[in-house]
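Each remark here refers to the structure printed beneath this line.
Only a predicted model underlies this, so the values are computations on that prediction, with no experimental measurement involved. The figures that follow rest on heavy atoms only: side chains count, while hydrogens, waters and symmetry mates do not.
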Amino acid sequence: MKAILICPSECPETSALAEAAPLVNLCILGNPFIHCWLEEMAKRGVKEIKVLVTDRPEQVRALVGNGARWGLRIEVIPESQEMTCEEALEKYAPASETLLPEPMVTLIDHLPGFPEQKIFETYAQYYFSLQLWLSQNAGHAQIGVREIKPGVWVGLRSQISPRAVLHAPCWIGENVLIKTDVEIGPRAILENGVVVETGARIAESWVGQQTFVGGLTEVGKSLAAGSTLVNYITNSVTIIPDTFLLSALNENIIPIRSGHLLGRTVALLVILLTLPFALITFLKAKWLGQRVFRTRRATSPTFASANPASTIVYFEFANSQGWWKRWPQLWSVAQGEFTWIGNRPLTHIEAGKLTNEFERLWLAAPLGLISQGDAEGCADVCSDEARAHASFYAAQANWKLDLRIFVLTVRRVFSRKIHSLPENESPQFKDRSLTAPAR
């Protein structure tokens, strides 16, 4: 069987939602809108689909591919303007072809099963259509979603503080990070990769994927996507200039940088001051016939969307424990390959296990001698906490955060709470408030 799907063109009434991507690419409970329709077509026994697109067809084509994941054959066809069903039927569906029962051609301006709810008609209609979809599909909208308490749904690898308050109904997607004293709901939807800082409140709102909501920020009766905030009651659209209140995570990433001249100079001074102790370590290893240095290779930091390709070589003392093992990495800081504060290095294998854009933010921060994980005691590179918080650091790094990390790490060293690190250490940040255990 064959079908034709007509993607709606840009709607002036909801233009703010289409700034970053076509309307049909918007996430609906973690699933792109057009994917909802492709899944529906597959359930109806459709095998071939023509998708007619007027707005950025290349982005739609990149999202749906050839349809193999649904067992479909999909052809994305650019059009200069939105067709009516009759026009599409006349152009692409000769009478001899077998199509779905009426309607043979579908304008996908609504969610499957709710033809009366025109999702892109107004901002309010968009929000209320999502709520209707939530009431019917919360449990199976996304693979792995679970109901942690009545009416509260959470996706895979999301980290939620036990001090956060979740009011039903609400839906939280994958790789979401919710910090302490946050209040979510009722009737809140957080798409994949959202980060919500301490003290924020989100109620009767939708937050788009990869959006950062800053500390003490309140989002109510609104649609938030990146730095765009829409009040769906008044139809007012505001661009938030302060990235610490509301922003897209991929806009908030710090640039990859080499160490500052001051930091590199300080590293040289520290090397000179501690050189006698390093010589003792060197001579002791030689006396015992042991290796002095262990060679490590790390993926060079890059932007999260890029494929890591280059390698940085660094060293550690082979027979030392704890922080002293990292002494040779001071030379990496002096050379500008490391910074004092950053994300700890990953091997190519470890970097290859970062499975999505949110996790790959790890690679968007410079390599650091000290990490947030050191400050908070998280040492397991394979843990979901490590991935979430390394990504958080990449998005939120600033001098105040770096200073806090340094102070907490010094306190931890002098209080002797850290005695040693694992052999393949790549410690990362662990928020004490997070519930998921390390693997």
Side-chain angles (χ1 to χ4, degrees), residues 1-11 17-18 20-120 126 129-130 132-134 136-145 155-156 173-174 191-192 209 355-357:
M1 296 180 70
K2 300 180 181 180
I4 299 172
L5 300 180
I6 303 173
C7 298
S9 58
E10 290 187 61
C11 302
L17 295 176
L23 290 171
V24 295
N25 284 19
L26 285 173
C27 273
I28 310 294
L29 303 189
N31 203 15
F33 175 79
I34 193 168
H35 285 191
C36 298
W37 273 104
L38 296 177
E39 290 172 2
E40 177 67 17
M41 293 294 102
K43 290 177 183 177
R44 295 186 190 182
V46 174
K47 297 301 181 184
E48 296 183 23
I49 298 179
K50 288 181 171 65
V51 181
L52 310 185
V53 186
T54 58
D55 182 20
R56 288 164 283 188
E58 70 284 351
Q59 292 191 31
V60 177
R61 186 180 292 109
L63 190 63
V64 304
N66 60 9
R69 62 178 292 187
W70 300 280
L72 302 170
R73 290 192 297 275
I74 295 176
E75 181 183 6
V76 176
I77 303 174
E79 292 289 346
S80 58
Q81 60 182 10
E82 183 183 311
M83 288 185 169
T84 65
C85 292
E86 292 77 14
E87 291 171 338
L89 184 62
E90 181 179 352
K91 183 175 181 179
Y92 293 107
S96 60
E97 293 191 6
T98 302
L99 294 164
L100 279 174
E102 293 288 346
M104 292 183 291
V105 184
T106 306
L107 173 62
I108 53 173
D109 59 351
H110 59 280
L111 284 161
F114 302 99
E116 304 303 320
Q117 303 292 328
K118 305 301 182 184
I119 188 170
F120 304 121
Y126 180 79
S129 295
L130 295 185
L132 185 60
W133 191 250
L134 174 63
Q136 301 293 321
N137 297 277
H140 52 270
Q142 195 173 44
I143 294 175
V145 69
L156 295 172
E174 294 182 351
E191 299 291 355
N192 298 343
Q209 62 179 343
T355 57
N356 54 54
E357 184 178 355

Which atom pairs, donor and acceptor, lie under 3.5 Å between side-chain atoms of residues 24-36 and protein residues at least two apart or in another chain?
residue : atom : partner : partner atom : Å
Asn25   : ND2  : Gln59   : O            : 3.4
Asn31   : ND2  : Glu39   : OE2          : 3.2
His35   : NE2  : Leu63   : O            : 3.2

The side chain to side chain donor-acceptor pair (under 3.5 Å) partners of Asn137 (sequence neighbours excluded) come to His140

Where is the tightest heavy-atom contact between Ala88 and Leu52, given as atom of each residue plus distance? CB-CD1, 3.7 Å

Assess whether a salt bridge exists between Lys91 and Glu87, defined as any Lys/Arg side-chain N lying under 4.0 Å from an Asp/Glu carboxylate O. no

Closest non-hydrogen atoms of Leu23 and Phe120, given as atom of the first, atom of the second and distance, are O-CZ, 3.6 Å

Hey, what do you get for CG (Leu5) to CG (Leu38), rounding to the nearest 0.5 Å? 6.5 Å

Do you know the tightest heavy-atom contact between Gly67 and Ile74? CA-CD1, 3.5 Å

Is the distance between the ring centroids of His110 and Trp37 less than 6.0 Å? yes

Compare all side-chain heavy atoms of Met1 with those of Lys47 and state whether any distance is below 4.5 angstrom. no

Which heavy atom of Glu82 sits nearest to which heavy atom of Pro8, and what is that distance? OE1-CA, 3.4 Å

Test item: Trp70 and Met41 side chains (from C-beta on) under 4.5 Å apart, heavy atoms: no

Would you indicate whether the side-chain heavy atoms of Cys7 and Ile108 approach each other to under 4.5 Å? yes

Indicate yes or no: at least one non-hydrogen side-chain atom of Pro22 is less than 4.5 angstrom from one of Val60. yes

Side chains of Val105 and Thr84, heavy atoms from C-beta outward: is any pair under 4.5 Å? no

Has Arg61 got a side-chain atom pairing as donor or acceptor with Val76's backbone, closer than 3.5 angstrom? yes

For the student: nearest non-hydrogen atoms of Val53 and Pro57, plus distance: CG1-CA, 3.7 Å

From Leu132 CG over to Leu111 CG, what is the distance, rounded to the nearest 0.5 angstrom? 8.0 Å

Partners meeting side chain to side chain contact (heavy atoms under 4.5 Å, CB included) with Gln142 (sequence neighbours left out): Trp171, Glu174, Asn192

For Ser129 and Gln117 the tightest heavy-atom approach is OG-CB, 3.8 Å

